[in-house]
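Numbering starts at 1 and runs along the sequence shown.
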Amino acid sequence: MKLISGSMLYDAVHCPHRVSMDVFEDPGLRDDPSPFLEMLWEQGWNHEFKVIERMGEGVLNLFALETAEKETRTLEAIRNRVPLIYAGRIQHGDLVGEPDLLFLRGDAYVAGDIKSGSGFDGEESSGKLKKHYAVQVAHYTNILELLSFSDGTKSAVILDGGYKQVPYALAAPQGMRNKTTWWELYLETLQYIRQLLDRSETSRAALSAQCGHCHWRRRCDEVLREVDDLTLIAELGRAKRDAMFATFPNVASLAACDPASYISGAKTSFAGIGPDTLQKYRARAILLTQPDAKPYFREPVELPLSEIEVFFDIEDDPMRGICYLHGFVERRGGANGTERYIACIASEPTPAAEAVAFRSAWEYLMGFGGAARVYYYSKYERTAWKKLAERYPEVCSIDDVDALFLKEWMVDLLYDVVSKTEWPVNNRSIKTLAKYLGFRWRDSNPSGAASIEWYDQWVQTGSAEVRQRILDYNEDDCRATRVLLDGLRKIAGY
């Protein structure tokens, strides 16, 4: 009997194919974990231990026990009504769980998990729960119910990175529009995993943002390219691939089709895909299948020249909750030889240092008085600066940040420009597009995740070499934005 764990439920939300791979694929084909992942694991454990330390001596700590003894001691502690159990193990039939915490509430137990990030999906004010957290704690809650240790209310808890208890009401609907409850989502996911494990259902690899740190990344990439999978098309995910798969099993078949054959009024033959979306995917499929394909604009866009151009990129550490670097490359007269890099970096991972770096960055941009055009990629910088303004109102207000990013000289290249283009590539990340245009990062492993790992190294060691690596990477990100702007102008015929 193959046991179904909480981590399987967690993984299945992101990628059901990973569950199959972990169970059936040759472990020797796995990628080694990245330094970033290893850092996350270490920070996660450290945070977990701090949480338990803060809870004091009233916690029964079973962390160091072997599997069999851990389960025996957990059941013994539950029967003895121990108020709080850490790192226990519970099992019923093919279901096994190792909840971080089991809380005694009245005469029953509630499962909880410790997370180093937020317990909410997005802003806390939204109240939106994280789907992968929900199915994981629902799994533990289900086992408690089957063992008659739960009160049946289907309640669980996430202890987040700020040591705050976030209640997970699993019997509640997932949202205003989605009336399916979290518990129903869990049961659906559990049933699907059982079908994967007994081979009555199969899964397929799919290219997505979740692939970046998965240990099956290279293996799945090989398979996807061998079969010419539809998810190689930018922004075409697993659900839409599955909706079209019976008709279009690969990119080439979609590229060769007549979309009009599948369009009827405002609908297509494929659930969740409208006529415009089908036409868009087909256009992208054609680009991927033509060896000499070139990017192009679908509609005209203004990209006026400016005497002063600034290319802006930030780096932050979500584990520490700190925005540690605001980088700018400044160019004058369109001449690359005039470029200079300005780095506003937090000297240490503290609110005071973060505030100093933010103030320096804010004052740098304000110093132009609107005389420069500022380019950035995606809405992340705006979101990060609004959070910083909330934390440090002495620097600027949230309204000030909103007003800044609404200025016509602040240009989001992704949403304002790239969204109106088509490219013969698999995604629209700045790295993919800049590399397509010939830009190369100096670092052999350039990524935002790697930068976070380097920042952790710098915090731990104070190494000047590591600090410079962070700055070089950020400078290259800013220059990549400039390369993209120049490329877009060339495509547009400037």
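Annotation: side chain to side chain donor-acceptor pair (under 3.5 Å) contacts of Y296 (sequence neighbours excluded): none. In this structure R204 satisfies the side chain to side chain donor-acceptor pair (under 3.5 Å) test together with D242, sequence neighbours excluded. Residues that satisfy the side chain to side chain donor-acceptor pair (under 3.5 Å) test with R332, not counting sequence neighbours, are E330. For Y380, there are no ring pair (Phe, Tyr, Trp, His ring centres under 6.0 Å) partners, not counting sequence neighbours.
A side-chain donor from one of H326 and W385 sits under 3.5 Å from a side-chain acceptor of the other. Residues Y341 and N474 have side chains that bring a donor and an acceptor to within less than 3.5 angstrom of each other. Y392 and E354 share a side-chain donor-acceptor pair at under 3.5 Å.
R105 has no carboxylate O lying under 4.0 Å from a charged side-chain N of D151, or vice versa, which leaves the two without a salt bridge.
Remark: the backbone N or O of S451 is not paired with any side-chain donor or acceptor of R469 at under 3.5 angstrom.
With Q174 as reference, L185 is the one residue of T181, L129, L185 to meet the side chain to side chain contact (heavy atoms under 4.5 Å, CB included) rule.
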For a quick test of your reading: what N or O donor-acceptor pairs under 3.5 Å do the side chains of residues 46-56 make, sequence neighbours left out?
unit_1	atom_1	unit_2	atom_2	d
N46	ND2	E42	O	3.3
H47	NE2	K115	O	3.3
E48	OE2	Y86	OH	2.6

Can you give me every donor-acceptor pair (side chain of residues 206-216, partner residue at least two apart or in another chain, under 3.5 Å) with its distance?
unit_1	atom_1	unit_2	atom_2	d
S208	OG	Q210	N	3.1
H215	NE2	D22	OD1	2.8
W216	NE1	D22	OD1	2.7

